[in-house]
Colleague: 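Let me give you the structure first, and then I'll get to my questions.
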Amino acid sequence: MTAYGSFPGSRPRRLRTTPAMRRMVAETRLHPADLILPAFVREGIGEPVPIDSMPGVVQHTRDTLKKAAVEALEAGVSGIMLFGVPEESKKDALGTPGTDPDGILQVAIRDVRAEVGDDLIVMSDLCLDETTDHGHCGVLDSEGRVDNDATLERYAEMAQVQADAGAHVVGPSGMMDGQVGVIRDALDQTGYEDVSVLAYTAKYSSAFYGPFREAVGSSLKGDRKTYQQDPANTRESLRELALDLEEGADMVMVKPAGPYLDILAKVAERVDVPVAAYQISGEYAMIQAAAERGWIDRDKAIMESLTGIKRAGANMILTYWATEVARQL
């Protein structure tokens, strides 16, 4: 007996005693259906091209993309977000491959829909950065600045051709003012009322996008600070949220995920629509690189990072580990 009698009266450690106990009382659970696989498909290649800065991720051929989609479906993943990488010679100032029905992204959407039907949600990146020779997410004006309203016209065209190709969901990621409303109108006016809009609501100008630039063969000159959000700001993201919801967003997203869990939590508290978070290329690359050096346990770090994103309020997580993690779950 100690002088303190029954102290401590509360022992939270009782609920951590065994794996079974910890599993039973877990407040946050990952499920395969929470996950969405981002995938890159590149025009004009005969075999997958490894992405050096994202070990384990490739630029797919049309055939290997179809295989990856089927594997994701079989693992229980809910969706696949497609990014098209056109041949360099086809890029131009207007991002013409983005509205060409035979552009690589539209072809890939048709391929994947033919393979998985409605069993896997096929999502398409709606942005010009992969298709422009300057690498920006929109049309440039005479002074080299991104012209917001001219870009919206291009986005409306992109929405229609992506819907024509069979996209269940379009994901406007360019951070143009008014993009959700213009895209919603374009879809509704062409008979695509059932195509959903996943708004990239809080997309920050982040240093963690670096490996993605390699993945899509980016031609970017300069930066995107005039249209992507300043990492220092919170209220700005909530204003963007209100605007996207007013314009008809069906789902909203925070990107990147890990460095912006506070923003994710604030968004999740304020909405009654599904919330997505994108665990981006730099987040992936950091864990992969540290694990390759033996500095961290790769599998545990992956699960912990995804659990943290889910705990912060994400209903859906875009992650390059989607199929792998879904199989483990």
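Note that these values count all heavy atoms, side chains included, but never hydrogens, waters or copies made by symmetry. Fair warning: this is a prediction, and the values are worked out from it, not measured in the lab. Throughout, residue positions are numbered sequentially from 1 according to the sequence presented.
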Colleague: For a quick check under 3.5 Å, do Arg42 and Thr61 share a side-chain donor-acceptor pair by atom type?
Modeller: no
Colleague: Walk me through it: do Asp102 and Arg110 pass the test salt bridge (charged side-chain N to carboxylate O under 4.0 Å, His left out)?
Modeller: CA-CA 10 Å; Asp102 294 321; Arg110 290 196 292 271; 3.6 Å; yes
Colleague: Measuring from atom OG1 of Thr99 to atom CD of Gln106, what distance do you get when rounded to the nearest 0.5 angstrom?
Modeller: 7.5 Å
Colleague: Using 0.5 Å steps for rounding, measure from the CG atom of Leu126 to the CD atom of Gln179.
Modeller: 8.0 Å
Colleague: Strictly distance-based, threshold 3.5 Å: is any side-chain N or O of Asp188 a donor or acceptor partner for the main-chain N or O of Asp185?
Modeller: no
Colleague: Counting C-beta onward and ignoring hydrogens, is there a side-chain heavy-atom pair between Leu105 and Glu130 closer than 4.5 Å?
Modeller: no
Colleague: Please step through salt bridge (charged side-chain N to carboxylate O under 4.0 Å, His left out) for the pair Lys91 and Glu88, ending with a clear verdict.
Modeller: CA-CA 6 Å; Lys91 295 180 181 181; Glu88 196 68 26; 3.3 Å; yes
Colleague: Take Leu35 and Val325 through the side-chain contact (heavy atoms from CB on, under 4.5 Å) test and state the conclusion after the steps.
Modeller: CA-CA 9 Å; Leu35 305 177; Val325 170; 3.9 Å; yes
Colleague: Taking atom types as modelled, is there a side-chain donor on Glu283 or Ser305 under 3.5 Å from an acceptor on the other?
Modeller: no
Colleague: Ignoring hydrogens and angles, tell me if any N or O in the side chain of Gln279 forms a donor-acceptor pair with the backbone of Ile309 under 3.5 Å.
Modeller: no
Colleague: Would a 4.5 Å heavy-atom cut-off, applied to side chains only, mark Gln160 and Leu187 as touching?
Modeller: no
Colleague: What's the spacing between Ser78 OG and Asn315 CG if we round to 0.5 Å?
Modeller: 11.0 Å
Colleague: Where is the tightest heavy-atom contact between Gly248 and Val180, given as atom of each residue plus distance?
Modeller: C-CG1, 4.0 Å
Colleague: Quick one: pull up CG in Asp177 and CE in Met175 and give me the separation to the nearest 0.5 Å.
Modeller: 8.0 Å
Colleague: Any side-chain heavy atom of Gln59 within less than 4.5 Å of one from Ile51?
Modeller: yes
Colleague: Closer than 3.5 angstrom, by distance alone: can the side chain of Asn233 be matched with the main-chain N or O of Arg235 as a donor-acceptor pair?
Modeller: no
Colleague: Out of Ser205, Ser206, Ser237, which one pairs with Gln229 under the side chain to side chain contact (heavy atoms under 4.5 Å, CB included) rule?
Modeller: Ser237
Colleague: Under a 3.5 Å threshold, yes or no: a donor from one side chain and an acceptor from the other, between Gln328 and Trp321?
Modeller: no
Colleague: Mind telling me whether Tyr278 and Phe83 have parallel, tilted or perpendicular rings, with 30° and 60° as the class edges?
Modeller: tilted
Colleague: Does a donor on one side chain and an acceptor on the other come within less than 3.5 Å for Asp147 and Thr151?
Modeller: no
Colleague: Assess whether salt bridge (charged side-chain N to carboxylate O under 4.0 Å, His left out) is satisfied between Glu269 and Lys266, documenting all intermediate values.
Modeller: CA-CA 5 Å; Glu269 289 171 357; Lys266 290 179 185 296; over 6 Å; no
Colleague: Looking only at the side chains, is there a donor atom on one of Asp118 and His168 sitting less than 3.5 Å from an acceptor on the other?
Modeller: yes
Colleague: When rounded to the nearest 0.5 angstrom, what distance separates OH in Tyr155 from SG in Cys137?
Modeller: 5.5 Å
Colleague: Sub-3.5 Å donor-acceptor pair from the side chain of Arg62 to the main-chain atoms of Ala108, do we have one?
Modeller: no
Colleague: Take Asp250 and Arg184, measure what salt bridge (charged side-chain N to carboxylate O under 4.0 Å, His left out) needs, and give me the verdict at the end.
Modeller: CA-CA 10 Å; Asp250 299 288; Arg184 183 71 269 159; 3.4 Å; yes
Colleague: Enter the distance from Ile287:CD1 to Leu306:CG here, rounded to the nearest 0.5 Å.
Modeller: 7.5 Å
Colleague: Kindly say whether Ala186 contributes a backbone atom to a donor-acceptor pair with the side chain of Thr190 at under 3.5 angstrom?
Modeller: yes
Colleague: Sub-3.5 Å donor-acceptor pair from the side chain of Tyr209 to the main-chain atoms of Tyr204, do we have one?
Modeller: yes
Colleague: Please find the pair of heavy atoms, one from Pro259 and one from Phe208, that lie closest to each other, and give the distance.
Modeller: CG-CE1, 3.8 Å
Colleague: If only atom types and distance count, is the side chain of Lys310 paired as donor or acceptor with the main-chain N or O of Arg29 below 3.5 Å?
Modeller: yes
Colleague: Report the C-alpha separation of Thr201 and Val267 in whole Å, then their side-chain angles, then the decisive distance to 0.1 Å, and conclude whether the side-chain contact (heavy atoms from CB on, under 4.5 Å) test is met.
Modeller: CA-CA 9 Å; Thr201 292; Val267 168; 5.6 Å; no
Colleague: Show your working on side-chain contact (heavy atoms from CB on, under 4.5 Å) between Glu236 and Asp230 and close with a plain yes or no.
Modeller: CA-CA 9 Å; Glu236 183 181 23; Asp230 185 338; 4.3 Å; yes
Colleague: For the backbone of Gly138 and the side chain of His136, can you confirm whether one donor and one acceptor N or O come within less than 3.5 Å of each other?
Modeller: no
Colleague: Checking Ile109 against Val122 for the side-chain contact (heavy atoms from CB on, under 4.5 Å) test, could you report, in this order, the C-alpha distance in whole Å, the side-chain angles of both residues, the deciding distance, and whether it holds?
Modeller: CA-CA 7 Å; Ile109 294 169; Val122 178; 4.2 Å; yes
Colleague: Mind checking whether Asp299 and Glu324 have side chains closer than 4.5 Å, heavy atoms only?
Modeller: yes
Colleague: So do Ile280 and Lys255 actually touch side chain to side chain, heavy atoms under 4.5 Å?
Modeller: yes
Colleague: Assess, by modelled atom type and distance only, whether the side chains of Ser124 and Gln162 contain a donor and an acceptor separated by less than 3.5 Å.
Modeller: yes
Colleague: Is any side-chain heavy atom of Leu238 closer than 4.5 Å to a side-chain heavy atom of Arg270?
Modeller: yes
Colleague: Using a 3.5 Å distance criterion without hydrogens, assess whether the side chain of Tyr260 forms a donor-acceptor pair with backbone atoms of Lys203.
Modeller: no
Colleague: Would you say the side chain of Arg327 lies within less than 4.5 Å of the side chain of Thr323, judging by non-hydrogen atoms?
Modeller: yes
